[in-house]
Structure formats: C-alpha cells, structure tokens
Amino acid sequence: MADLAYEHLRDALLVLEVRPGAPLKDDVVARELDVGRTPVREALKRLETDRLVVTYPRRGTFAAPIDISDLGQISEVRRSLEPLAAAGAARRATDEQRAGLAGLAATIAALDPPAMTAVELMRHDVAVHRGVYAASGNPHLEDVLVRLDNLATRIWCLVLDRLPAIGGHVHEHVDLLRAVVEGREDDAAALAEEHVAAFERTVRGVL
C-alpha cells in the first residue's frame, strides 16, 4: 500500500497535477486511494527524500517548489550519467528488457503528438528514461538518475505552455531506444548526452 501511494503521488507531482506548494494531507490522500494513513505517511517520507515534497513542523507537507536555477546543476550531472546508463543498458540489458524497450520504441514512433496532450507525451518520456535506467544493470546509477530525472521533468512541465511542440523531443527517444536494443553502446551514449543538452537548451530558450 505504501508503494501504491508513493507511485500515485510521485507521478502526480512529476507532471504537476499536484502543483508546487499545494498541501498534501495524509487523510485526504488516504481516502482518495482507499488506503490507510500509515502507508501514505510512509510514501510522503520517501517523496521528501526524493525532494518532491517538503514538510514543515506544525504546518504539514507540501509539494516541493520548483527552482529553475537548479536546471544547470541538474543538467551538469545528467550529461555525465545519462550516457553512462545508456551505454550500460546497450551492454547489459537482458533479452526481456530489450524486447520491452523495442516495444516502447515502436509505440513512440507511432504516436500522433497533435492528438495528444503535453502531459501524455511527457509520460512516455518518463517511461523511456526509467526503462533505460533499469536496463543499465546498475541499481545505484538507476536510483540517482531516477531522482534527477524526476526533478528535470518537473522543470519541463512547469514551462510546457511556453514550449514549442514537444513531440519531436519525445520522438528523439526512438533512435536512443533502438541503439540500446541493438547493443550500440557509443551511439546510445551520444544520443543520451545530446538529449539532455537539447532539454537544457529548450528550457533556457523560453526563460
């Protein structure tokens, strides 16, 4: 139940369905999810570790604010670690993981961005990153990158209404996924690094 509450709240926080600064009351969330308050409190503690919520004594828990000035620092680390994860996935992914990533590539290639909301497209973006991190075979690297990608996704969603069409950004993942599936380590690493750089350039372009 704690995992269910955590995943539900995390995903809502990522795409700003819960806006920065909004209160998160354990009793309200418990009723919405039909779980007890204890699992919700456990989930909120994990989310605080992820820097997605903040808790103030005697005030309660709130969705963490988004500081655009963090963009440079987050991107600096991701430019180093995303290529490492992509190359690791190309080298170590299991047959089952490669099949899953190939299916995800086919799904994204077939998307019709004009018919989709920006949030729907962002959910595909998140799915790609999580899939590559998991396939890297390095749980420590995966843990760090999931947290960084969560923060980057919130920044992205904060400026979605000012961005040009993001279908191209999401579609970039097709080549990355195919490189991973085919075991092309150098290509996967290069594509991952460029994707992070393009993300930063795009966000800075609308600030």
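Keep in mind that the numbers below use all heavy atoms, side chains included, and drop hydrogens, waters and symmetry copies. In what follows, residues are counted from 1 in the order of the sequence shown.
When only modelled atom types and interatomic distance are considered, Ser136 and Asn138 share no side-chain donor-acceptor pair under 3.5 Å. Using modelled atom types, one finds a donor on one side chain and an acceptor on the other under 3.5 Å when comparing Glu82 with Tyr133.
Counting heavy atoms from C-beta outward, Thr61 and Leu47 have side chains that stay 4.5 Å or more apart. Proximity of Arg46 to Asp3: side-chain heavy atoms (C-beta onward) are separated by under 4.5 Å at one or more points. Counting only heavy atoms from C-beta outward, the side chains of Leu16 and Arg154 approach each other to under 4.5 Å. Here the side chains of Thr117 and Met122 are not in contact, with every heavy-atom distance at 4.5 Å or above. Arg51 is listed as a side-chain neighbour of Asp70, based on a closest heavy-atom distance under 4.5 Å. A 4.5 Å side-chain heavy-atom check between Val29 and Leu44 finds every atom pair outside the cut-off. Residues His195 and Asp125 have side chains in contact (heavy-atom distance under 4.5 Å, counting atoms from C-beta outward).
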For residues 31-38, run the donor-acceptor check on the side chains, cut-off 3.5 Å, and write out each pair with its distance to 0.1 Å, sequence neighbours left out.
residue, atom, partner, partner atom, Å
Arg37, NE, Asp26, OD1, 3.4
Arg37, NH2, Asp26, OD1, 3.0

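Transitive grouping of hydrophobic side chains (ILVMFWY, heavy atoms separated by less than 4.5 Å) brings Ile74 and Leu158 into a common cluster. No continuous path of hydrophobic side-chain contacts links Leu14 to Val196 [ILVMFWY only; heavy atoms under 4.5 Å]. Under the 4.5 Å side-chain heavy-atom criterion for ILVMFWY residues, no single connected hydrophobic cluster contains both Val40 and Val28.
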Verdict with supporting geometry, Asp149 and Arg78, salt bridge (charged side-chain N to carboxylate O under 4.0 Å, His left out): CA-CA 8 Å; Asp149 186 60; Arg78 291 182 70 214; 3.5 Å; yes
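Between atom CG of residue Leu151 and atom CG of residue Leu13 there is a gap of 11.0 Å, rounded to the nearest 0.5 Å. Rounding to the nearest 0.5 Å places CD of Glu172 at 11.0 Å from CD1 of Ile108.
Remark: Arg79 engages Glu200 in a salt bridge, criterion side-chain N to carboxylate O under 4.0 Å. A salt bridge does not link Arg184 to Asp175: none of the charged nitrogens lies less than 4.0 Å from a carboxylate oxygen. By the 4.0 Å N-to-carboxylate-O rule, Asp187 lies too far from Arg178 to be salt-bridged with it.
No more than 12 heavy-atom neighbours from other residues, nucleotides or ligands sit within 6.0 angstrom of CD on Gln73. Other residues, nucleotides and ligands contribute more than 12 heavy atoms inside 6.0 Å of the CG atom of Asp143. Open room surrounds CG on Asp95; 12 or fewer heavy atoms of other groups in view lie less than 6.0 Å from it.
The main-chain N or O of Val146 is never found under 3.5 Å from a side-chain atom of Arg130 such that the two would form a donor-acceptor pair. When atom types are taken as modelled, the side chain of Asp50 and the backbone of Leu52 share no donor-acceptor pair closer than 3.5 angstrom. Of the possible donor and acceptor atoms, one in the side chain of Gln97 sits under 3.5 Å from a partner among the backbone N and O of Thr94. Using modelled atom types, one side-chain atom of Arg98 and one backbone atom of Ala90 make a donor-acceptor pair closer than 3.5 Å.
For Val174 against Ala105, the heavy-atom pair with the smallest separation is CG2-O, 3.9 Å. For the residue pair Val15 and Cys157, the shortest heavy atom distance occurs at CA-SG, 3.7 Å. Across Ala87 and Ala188, no two heavy atoms sit closer than the pair N-CB, 4.5 Å. When all heavy atoms of Leu24 and Ala63 are compared, the pair lying nearest together is CD1-N, 4.0 Å. Closest non-hydrogen pair, Leu145 versus Ala85, comes out as CD1-CB, 3.5 Å.
Relative orientation of the Trp156 and Phe199 rings is tilted, given thresholds of 30° and 60° on the angle between their planes.
Residues His124 and His173 place their aromatic rings such that the two centres sit no closer than 6.0 Å.
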